[in-house]
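In what follows, every heavy atom counts, from backbone to side chain, and hydrogens, waters and symmetry copies are set aside. Every chain is numbered from 1, with letters handed out A, B, ... down the list of sequences.
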Amino acid sequence: MPELPEVETVRIQLEDDLIGQVIRGSTLQWSRTLEGSSKIDFDQSILDQKITALRRRGKYLIIQLQTEHIVIHLRMTGRLYICDSAKGLDRWVRWSLHLDRKYLCFSDARKFGRIYVSSDLAELEKKLGPEPLTLSPVQWIELFHGQRAGLKSFLLNQKKLAGVGNIYADETLFEAKVHPLTLACDLEPSQARSLGATLQRQLTRAIAHEGSTISWYRKPDGSQGETQKHFQVYGKSDQPCPCCQMPLEKIKVAQRSTVYCPSCQRRV
DNA sequence: CGTGGGACCTGAACGC
DNA sequence: TGCGTTCAGGTCCCAC
């Protein structure tokens with residue numbers, strides 16, 4: 001499931017192919033993929049514009065044009081790749097962007113992914129908390145201060161912190177030895193700093209390993225990420241804890257399955 | 001402010 | 001073989 005490291009990997013791989021390209025049009029195969037405007041208005045606002053940058057904010061990928069931005073969210077099964085044809089290379093292509101002699105294809109089996117155009121990113125910013133990789137130790141303490149949500153819910157809340165999803169939330173809480181239902185405000189300052197540092201380590205390592213391929217995620221070149229080989233708890237319920245050998249437990253938190261070690265991650 | 005449930009979706013895995 | 005069920009989960013929206 002694309003989270004921050006997966007989206008960052010996609011950004012890095014597509015950057016060189018996209019920057020400097022000029023938009024010649026688009027094809028929309030599943031209308032709900034495009035939100036916020038009609039296909040005609042969408043095309044009109046991006047036509048003939050040059051791509052000046054490829055950016056990421058949380059789990060969003062942002063194709064920066066001269067006066068507009070194309071904002072893309074992959075949700076669960078979205079993939080992006082460069083291809084010679086607007087039809088793409090698989091049966092789940094929902095949208096493609098026409099460039100000079102190549103196409104950026106958006107494939108999305110589950111049809112949850114969304115794309116929209118926006119001249120300023122203020123609306124997006126309103127929905128998103130800070131980038132986890134830029135927070136300082138003091139900022140981590142401030143982030144958790146006074147927050148009465150359970151930590152698993154808090155980490156998944158994009159408005160509080162941008163880019164973390166189910167995989168890296170569970171892996172981080174395990175490595176930090178914190179119970180997923182611990183209230184954020186109950187962390188001691190030293191624990192808050194340490195949890196932040198652990199999350200940053202997890203995300204940085206996952207980017208270095210080019211993301212986690214659980215089922216659908218692929219890099220733009222079609223290959224899989226490597227991070228899943230290093231999972232300690234995600235998807236491993238009932239297996240022995242890598243630390244104490246007690247069986248890992250699965251519970252539902254905020255509608256998501258959550259795997260943790262009841263012995264190593266004691267509740268405060 | 002916080003949580004819980006449903007909706008959006010379809011493929012994979014599993015039970016019978 | 002094939003049908004039916006369950007699970008996966010990011011975000012939005014509504015109810016409490």
Checklist entry - What nucleotide among C:dT11, B:dC9, B:dG11 has an atom nearest to a side-chain atom of A:Arg32? => result B:dC9
Checklist entry - Could you state the CD1-C1' distance from A:Ile115 to C:dT11, rounded to the nearest angstrom? => result 16 Å
Checklist entry - Starting at CZ of A:Phe112 and ending at C1' of B:dT10, how long is that distance when rounded to a whole Å? => result 8 Å
Taking 4.0 Å as the cut-off, does a side-chain nitrogen or oxygen of [X] come that near to OP1 or OP2 on [N]?
X        : N      : value
A:Trp92  : B:dG11 : yes
A:Arg75  : B:dC9  : no
A:Gln255 : B:dG4  : no
A:His73  : C:dT11 : yes
A:Gln158 : C:dC12 : no
A:Lys252 : C:dA8  : yes
A:Lys159 : B:dC1  : no
A:Arg114 : C:dG10 : no

Checklist entry - Charged N to carboxylate O under 4.0 angstrom, A:Glu131 versus A:Arg57? => result yes
Item to check | A:Glu123/A:Lys127 salt bridge by N-O under 4.0 Å criterion | outcome: no
Checklist entry - Across the strands shown, which category fits A:Phe154 at heavy-atom distances under 4.0 angstrom: base, sugar-phosphate, nothing? => result nothing
